[in-house]
Amino acid sequence: MKIEKIGVIGAGTMGNGIAQCFAVAGFAVVMQDLSAAALERGRAAIETSLARQVKKGALTEAEAADALSRITTATELTTMADRDLVVEAIVERLEVKTQVLKQLDAICGAQTILASNTSSISLTQIAAASAHPGRVIGMHFFNPVAMMQLIEIIRALQTTDEVAQAVTEVARAIGKSPHASSDSYGFVVNRLLVPFINEAINCVHEGVATPQDVDAMMKLGANHPMGPLALGDLIGLDVVLNIMETLCQGFDDPKYRPSPLLKQMVHAGWLGRKTGKGFFDYPG
Ligand code: NAI
């Protein structure tokens with residue numbers, strides 16, 4: 001299966017980063033979103049990220065300009081018709097993802113690979129919505145996409161060997177490290193990372209230590225580059241809660257119970273960096 005033309009659906013945090021990575025590696029990319037405004041924000045984020053890479057010496061000015069010229073944008077999903085691989089990075093809701101997948105079934109040829117960047121939804125459930133479920137697979141990128149090396153490759157029960165192999169190869173072709181996970185709740189990274197953040201929140205909830213001390217201890221004692229509470233604030237505490245609920249319900253195991261303080265923080269609208277307040281304050 002030859003992958004040359006890429007489609008990315010969703011121009012948000014993940015979608016614009018994914019489009020950028022493919023374009024830098026030489027692939028022609030169409031980035032699609034619902035509105036021109038969302039596409040403009042996505043393109044502006046790519047420009048900023050490319051400029052940062054030029055400043056760091058990772059790219060020349062010409063390479064950055066070439067990468068940008070390989071990305072076209074569109075509001076119509078029909079622009080996905082001639083794509084070899086479409087990566088979906090839209091809102092984390094099963095019904096929205098399956099609706100888009102069904103539209104893609106009607107637009108794309110049966111050979112087009114349809115990958116989802118979902119962080120918690122079952123790929124097997126997503127694939128079941130497609131008329132060609134064997135071509136559906138998970139490509140789970142990490143934030144910030146330009147910096148993070150890993151792509152978790154998640155096969156749905158229905159995914160064919162050819163599709164898994166093609167997607168693994170294209171991940172390497174864009175300079176990432178693909179690693180396989182089965183279609184299990186939270187896959188590997190979130191299953192380990194998010195309960196760790198949740199337990200740090202429990203330490204604060206139980207008065208074991210202050211947020212400052214919890215984070216300082218994990219940085220100084222475990223050599224983590226960032227404390228778990230600052231990391232939770234970065235990911236978004238609503239996202240952390242959502243993943244804990246997925247793990248708790250999926251495995252039907254109380255060891256994944258969300259911290260009561262995590263729930264309260266989300267109810268208060270203190271979601272971390274994006275709202276200016278989480279376990280730490282982010283003025284401005
Ligand atoms: P986001 O909210 O930043 O961007 C989503 C974009 O999709 C928005 O621009 C929105 O307008 C667009 N969109 C929504 N419905 C659409 C539709 N029907 N057709 C076309 N575009 C549509 O979301 P983000 O953070 O980029 O997340 C996207 C996906 O990536 C989710 O599945 C999320 O779970 C996953 N993910 C997120 C990570 C993160 O750190 N934010 C990390 C790894 C995966």
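Both counts, for ligands and for their atoms, begin at 1 and track the order of listing. For this chain, numbers begin at 1 and follow the sequence in order. Being a predicted model, the structure only gives us computed values, none of them experimental.
Contact record, Tyr256 with Met244: O-CE, 2.9 Å, taken as the closest heavy-atom pair. Taking every heavy atom of both residues into account, Arg83 and Ala28 meet most closely at NH1-O, 3.4 Å. Smallest separation of non-hydrogen atoms from Ala173 and Ala25: O-CB, 3.9 Å. Pairing each heavy atom of Lys176 with each of Met148, the nearest pair is NZ-O, 2.9 Å.
When only non-hydrogen protein atoms are considered, atom 17 (C) of ligand 1 lies nearest to Leu34 CD2, 3.6 Å. Summary of contacts: the protein heavy atom closest to atom 39 (C) of ligand 1 is Met14 SD, 3.7 Å. The protein atom (non-hydrogen) at minimum distance from atom 18 (N) of ligand 1 is Val100 CG2, 3.6 Å. Among protein heavy atoms, the minimum distance from atom 25 (O) of ligand 1 is reached at Thr13 CB, 3.7 Å. Of the protein's non-hydrogen atoms, Gly12 CA, 3.3 Å is the one closest to atom 4 (O) of ligand 1. From the protein, the heavy atom lying nearest to atom 5 (C) of ligand 1 is Ala89 O, 3.8 Å. Of the protein's non-hydrogen atoms, the one nearest atom 9 (O) of ligand 1 is Asp33 OD2, 2.6 Å. If you check which protein heavy atom lies closest to atom 31 (C) of ligand 1, you get Ile90 O, 3.1 Å.
Residue contact check for ligand 1: Glu88 places no non-hydrogen atom closer than 4.0 Å to it. For Phe141, the heavy-atom gap to ligand 1 drops under 4.0 angstrom. Residue contact annotation: Lys97 has a non-hydrogen atom under 4.0 Å from ligand 1. Proximity of Ile235 to ligand 1 is not established, as no heavy-atom distance is less than 4.0 Å.
Residues Glu92 and Lys97 meet the side-chain proximity criterion, which asks for heavy atoms closer than 4.5 Å. Put simply, the side chain of Gln20 does not reach to within 4.5 Å of the side chain of Val145, judged on heavy atoms.
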Salt bridge (Lys or Arg N to Asp or Glu O under 4.0 Å), that's the test. Do Lys2 and Asp84 meet it? Break it down for me.
CA-CA 7 Å; Lys2 208 156 181 222; Asp84 304 310; over 6 Å; no
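Expressed to the nearest 0.5 Å, how far CG of Leu261 lies from CG of Asn202 amounts to 8.0 Å.
Under a hydrophobic clustering in which Ile, Leu, Val, Met, Phe, Trp and Tyr are joined whenever their side-chain heavy atoms come within less than 4.5 Å, directly or via other members, Leu237 and Trp270 fall into the same cluster.
A donor atom on one side chain and an acceptor atom on the other are found under 3.5 Å apart for Glu169 and Gln165. For the 3.5 Å distance criterion, the side chains of Asn198 and Ser259 fail to qualify, holding no donor opposite an acceptor.
For the side-chain contact (heavy atoms from CB on, under 4.5 Å) criterion with His140, the lone passing option out of Val189, Ile153, Leu123, Asn190 is Asn190.
Which parts of ligand 1 touch Gln32 is read off a 4.0 Å heavy-atom cut-off, strictly below it: atoms 20 (C). Listed by number with element, the atoms of ligand 1 under 4.0 Å from a non-hydrogen atom of Ser119 are 33 (C), 34 (O), 35 (C), 36 (N), 44 (C). Ligand 1 places these atoms under 4.0 Å from at least one heavy atom of His140: 43 (C), 44 (C). Atom numbering of ligand 1 starts at 1 in the shown order; those under 4.0 Å from a heavy atom of Ile9 are 20 (C).
Distances from atom 40 (O) of ligand 1 to the heavy atoms of Asn143, Thr118, Val239, Asn16 put Asn143 nearest.
Protein non-hydrogen atoms do reach within 4.0 Å of atom 34 (O) of ligand 1. For atom 23 (O) of ligand 1, the nearest protein heavy atom lies 4.0 Å or farther away.
Neither the backbone nor the side chain of Gln99 has any atom closer than 4.0 Å to an atom of ligand 1 (non-hydrogen atoms only).
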